[in-house]
K.L.:
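Structure incoming, see below.
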Protein chains: 2
Amino acid sequence: MSGPPANPKRSRRRSGAVTLHDVARLAEVAPITASRALNTPDRVSPEVLQRVTDAVRRTGYVPNLLAGGLASTRSRLVAAVVPTIAGPVFLQTIQSLTAALEAQGYQLMLGQTGYVDSREDALLEAIIGRRPDGIVLTGIMHSAHGRQRLLAAGIPVVETWDLTPTPIDMLVGFSHVEVGRAVAAFLHGRGRRRLAVMAGDDERSARRHGAFRQAAVALGLPEPALVTVPAPTTLGSGRAALQQLLAADASVDAVFCSSDLLALGVLTEAQARGLAVPAQLAVMGFGDLEFAADLHPGLTTVRIDSHAIGRQAARFIVERAEGRPVAERVVDLGFSIVERGSA
Amino acid sequence: MSGPPANPKRSRRRSGAVTLHDVARLAEVAPITASRALNTPDRVSPEVLQRVTDAVRRTGYVPNLLAGGLASTRSRLVAAVVPTIAGPVFLQTIQSLTAALEAQGYQLMLGQTGYVDSREDALLEAIIGRRPDGIVLTGIMHSAHGRQRLLAAGIPVVETWDLTPTPIDMLVGFSHVEVGRAVAAFLHGRGRRRLAVMAGDDERSARRHGAFRQAAVALGLPEPALVTVPAPTTLGSGRAALQQLLAADASVDAVFCSSDLLALGVLTEAQARGLAVPAQLAVMGFGDLEFAADLHPGLTTVRIDSHAIGRQAARFIVERAEGRPVAERVVDLGFSIVERGSA
DNA sequence: CTGAAAGCGCTAACAA
DNA sequence: TTGTTAGCGCTTTCAG
């Protein structure tokens, strides 16, 4: 339909796609005017705007954002880094982040480190190479070297799902230490006395159960038992961990799991061996994933507003990219304990 | 540490980052030679390679892939489009796709249509604008107009999770019709006579249960009951759907769910109301997600190798991008029925 | 409000 | 094997 390259002048390849020049020629304006019509339509006369709009429609022009990004040093690309997208917790954050960014004309690039720190550096390099307008770090422990590069690249960074005292740049999360304490207090308040923790082997989880165990002891309870499972946590590892836990000490009357999926595993195993929840064993999860409310019994868990984290991260980055200074660079979204049947 | 722009010549901004020119100057070679050293190291003398490598290390140079992509018309970017990443099924495909691409130096851009067709066009535009080396379409129904644009843009496309007779370009999936038939035959073979279907309201799911119901009738069974739930399917919708199903017809003795999550909902509801699985009700899922095997009872389900789909899609696109022609453009990965306790 | 010139940082074409 | 030159397609300066 559209004319293929016909001019046998000489030299380079040309991708063959319609360019802004083609549009401009058709609209009988200079390329820069066509550019303005598309990017800042209110700085162009209505008539010109109309002509350009028509030309775009007629040619099926799609702006080359690579070229635009190169020229303007604004890529409208945002990178997100997660250990694995398959883990239960970060998914909603990524979902909302993507959606919020798309609504503003930004795209998300996804990177997975796979819980292997060495991948992190390579990934970071690939990401920086794209000159994204921002990077969202989710649930990862970044090396000092990685922080360096990020800082050096001058790319806005949002760390999420945590509240570190020394953020690289911006931060949206909540206190894992507070979560641990609150859960210990909650279970103690419900009359539970022999607590246990089942936790993924990541750093954040460690901080939660560290605080949990400390708080339990401070409340006069015996040191809670601890079972660690490899991250990402699964239903299967929850079942196995409960077996292990009960084999070591059958008197446990409450388990705090580091994810709802783990808790579902505990629920499943309890059911399989006829252990009554919550009568004999109270079970608490973490995350308040979608399924938590509909389990039987309903899962008592720590609610984290994963979507809000994603949205706030998007807001942070877009603000920065548009040149608006971000007043408050740290947002604590908090958490809450949702009491349902399992505890 | 590194020198900021000092030359007060005139004109443009310069991003401030280290460029290939800086590296080349330091290594005392021409920029193009430095480029070769980085991209095709074997076409450069060992000595030059060494000098360039050193210069890169000393400057902390990170290639600008926007510029590279613009010049070479190869962005090393691949776009994936899913309805929502939060749905249970596509996650593993995306995970493997990302991982496989990263291993080859490609990055993934994620786009969500949110089950709204109008979003699809806007998203497509944003994607095409990045000039990706490929697009992976997962679980979406693309409009004729969308197909047009994709074709016109000349970007390699891989459709996944399906086997359409008229692929846009490349295809990796399996037959949903075959799945429906196989499940009907399986349940019939296990002596089930009053079948039911619980399905998300997406097109693919409809094809599965269409074939399922047809096959059931062909086997001499009564027309299976059908309960439709909105996509994406959840545990909660599974519970609700079972209630609905039993209210309409309590004699049902087998349910085929259009996702494992839905099946988990059915299992949960059955347990809550003391309905014995599989004795009174056989439950089958779809997907064989990670948790399926560890449920109690274990979930009998249709196994789809979601990871393999992602890997094959990556292979397709990389082959194309590297200019190697793809011989077989359609791959049927098939499926299998995994028999566990629930049916 | 519109345009001419210059160049973002890189690599494909030729040469040498 | 290395270099020269000319752009990829867009947007920023700086003028009108």
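Letters go in sequence order (proteins before strands), and every chain restarts at 1. In this text the structure is predicted, and so the values were computed from the model without any measurement.
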K.L.:
Taking side chain as C-beta onward, heavy atoms only, is A:R320 less than 4.5 Å from A:D133?
P.N.:
no

K.L.:
Over how many whole Å does the gap from A:R51 atom CZ to C:dC1 atom P extend?
P.N.:
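Between P of C:dC1 and CZ of A:R51: 15 Å.
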
K.L.:
Might you work through the side-chain contact (heavy atoms from CB on, under 4.5 Å) test for B:Q104 and B:E102, ending with a clear yes or no?
P.N.:
CA-CA 5 Å; B:Q104 308 246 29; B:E102 272 174 13; over 6 Å; no

K.L.:
Would you say D:dG3 has OP1 or OP2 under 4.0 Å from some side-chain N or O of B:T33?
P.N.:
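So the side chain of B:T33 is within the cut-off, an N or O lying under 4.0 Å from OP1 or OP2 of D:dG3.
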
K.L.:
Using the side-chain contact (heavy atoms from CB on, under 4.5 Å) definition, which of the options B:L38, B:V44, B:D42, B:T33 pairs with B:L49?
P.N.:
B:V44

K.L.:
CD of A:E47 versus P of C:dC1: gap in Å, rounded?
P.N.:
13 Å

K.L.:
Do the side chains of A:L77 and A:Y106 get nearer than 4.5 Å, heavy atoms only?
P.N.:
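Sidechains of A:L77 and A:Y106: no contact.
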
K.L.:
Let me know the distance between CG of A:L20 and C1' of D:dC8, rounded to the nearest Å.
P.N.:
14 Å

K.L.:
Starting at atom CZ of A:R130, determine the distance to atom C1' of C:dC10, rounded to an integer number of angstrom.
P.N.:
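The answer, rounded to whole Å, is 14 Å.
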
K.L.:
Verify the contact: side-chain N or O of A:N64 to OP1 or OP2 of D:dC8, cut-off strictly under 4.0 Å; return yes or no.
P.N.:
no

K.L.:
Quickly, which of B:V158, B:T160, B:V157 forms a side-chain contact (heavy atoms from CB on, under 4.5 Å) with B:F316? Name it, please.
P.N.:
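Passing option: B:V158.
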
K.L.:
Between D:dT11 atom P and A:L65 atom CG, what is the distance in whole Å?
P.N.:
9 Å

K.L.:
Let me know, please, whether B:L66 or B:I32 comes out on the 5' side of the other along DNA chain C by nearest nucleotide.
P.N.:
B:L66

K.L.:
Send over the distance from B:R74 CZ to D:dG9 P, rounded to a whole Å.
P.N.:
17 Å

K.L.:
Of the nucleotides D:dG7, C:dA4, D:dG9, which has the atom closest to the A:A30 side chain?
P.N.:
C:dA4

K.L.:
NA contact type, A:P31, heavy-atom cut-off 4.0 Å: base, sugar-phosphate, or nothing?
P.N.:
nothing

K.L.:
Would you state whether a donor and an acceptor, one from the side chain of A:R131 and one from the base of C:dG9, lie under 3.5 Å apart?
P.N.:
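Not at all, since no donor on one side and acceptor on the other fall under 3.5 Å apart.
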
K.L.:
Measure from CZ on A:R76 to P on D:dC10 and round the result to the nearest Å.
P.N.:
15 Å

K.L.:
Check whether any side-chain nitrogen or oxygen of B:S35 sits under 4.0 Å from OP1 or OP2 of C:dT11, and answer yes or no.
P.N.:
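Affirmative; the distance criterion is met.
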
K.L.:
Using atom CG of B:L38 as one end and atom P of D:dT2 as the other, report the distance to the nearest whole Å.
P.N.:
13 Å

K.L.:
Between A:T19 and A:R36, which has a closest nucleotide on DNA chain D that is more 5'?
P.N.:
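Looking at the nearest nucleotide for each, A:T19 comes out on the 5' side.
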
K.L.:
Does a nitrogen or oxygen in the side chain of B:S72 sit under 4.0 Å from OP1 or OP2 of D:dC8?
P.N.:
no

